[in-house]
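To start, the structure itself, in structure tokens.
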Amino acid sequence: MPEYYDTETQLNEYLVFHYGDDSQVLGWGFGPVEALGFHKRLIGWIDVGQLQPGSRALDLGCAVGRITFELSKFCESVVGIDASKSFVARADLIKGSGTVSLRLMREGNLGTPVEVQLPADLARERVTFLHGDAENLSASLGKFDVVILANLLDRVAHPRKVLQKLPEITRSGAQVIICSPFTWWDDFTNPEERLGGFVRDGKEVTSMETITEMLSDSFDPPVVGDEPFLIRQHERKFFMSVAHVGRWTRK
Ligand SMILES: C[S@@+](CC[C@H](N)C(=O)[O-])C[C@H]1O[C@@H](n2cnc3c(N)ncnc32)[C@H](O)[C@@H]1O
């Protein structure tokens, strides 16, 4: 359901999620503060010491681009790909201007327009945004040293197709970071295409187990953990999720 993300409401929620500072996202003296700053925390999963000069990164399902920009701190070139035209168009605008215009919604149609500057340590000139389909990547993209799939797999129709491509698009030693709360929805992924969340042959299957099994021929066993994140709907309503995270290294 690619059009799900092509609305003004989703666009603004993702701009706030990616670029709002902590007090703009959660304007209260209480609440789940550890869930703030998700995109910067996720980048912390990369073992920067293993990266070689000239490294290339890919952010699949980049939305409005925060992870893509964060990767520019230590990768020489970064490609962000997303199926939503409005997300990619806005990410491109941010690349050009270094400024993010968003609205901090309060109640109903009430909201405060805010301009946020992209942090100066992000190298915008290293970043390219492309409109595209993670299930059908062009061969011309080449190979990468870092690939991030953040909260993507439970939003595509054929997650196995995305995973099957990973050996082909990664160099030896590449780091692949996959995370998701694995909120499987029929609107995005038919039950028979899901990676986990069901019982098969009398055994419970989780998405992380299936991913690890699928990648085991080409990648070393993952380092795994949990990262919370918070999406602000409006001043008084939030969605908190906990992504299951794994980092795989290409053999
Ligand atoms: C839940 S959002 C996650 C965005 C971002 N990675 C993050 O963690 O903030 C899922 C994103 O995947 C994108 N997406 C869904 N299906 C896709 C596909 N087949 N190819 C590329 N992007 C896709 C959506 O447009 C959306 O931006």
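Counting convention: from 1, in listed order, for ligands and their atoms alike.
By the 4.0 Å N-to-carboxylate-O rule, E235 lies too far from R106 to be salt-bridged with it.
Remark: ligand 1 and L152 share no N or O pair separated by less than 3.5 Å (distance only, no angle test). An N or O contact shorter than 3.5 Å links D133 to ligand 1 by distance. Considering both main-chain and side-chain atoms, H18 comes within under 3.5 Å of ligand 1 through a nitrogen or oxygen pair. Residue-to-ligand polar distances keep F38 apart from ligand 1: every N/O pair is separated by 3.5 Å or more. Residue H39 places at least one N or O, backbone or side chain, under 3.5 Å from an N or O of ligand 1. The shortest N or O to N or O distance between N151 and ligand 1 is under 3.5 Å. Considering both main-chain and side-chain atoms, A134 comes within under 3.5 Å of ligand 1 through a nitrogen or oxygen pair. Among the atoms of A83, some N or O lies under 3.5 angstrom from an N or O of ligand 1.
In this structure, G132 has a heavy atom closer than 4.0 Å to ligand 1. Residue Y4 places every heavy atom at 4.0 Å or more from ligand 1. Residue contact check for ligand 1: F188 places no non-hydrogen atom closer than 4.0 Å to it.
With a heavy-atom cut-off of 4.0 Å, F229 does not touch ligand 1 at all.
Taken to the nearest 0.5 Å, the CD1 atom of I148 stands 9.0 Å off from the CD atom of Q175.
Ring geometry for F188 against W185 counts as parallel: the plane angle stays under 30°, on a 0 to 90° scale with 60° as the upper cut.
Taking every non-hydrogen atom of S84 and a distance limit under 4.0 Å, the qualifying atoms of ligand 1 come out as 25 (O).
Distances from atom 16 (N) of ligand 1 to the heavy atoms of R155, K85, Q10, H158 show the closest one on R155.
Pairing each heavy atom of S55 with each of F74, the nearest pair is OG-O, 3.6 Å.
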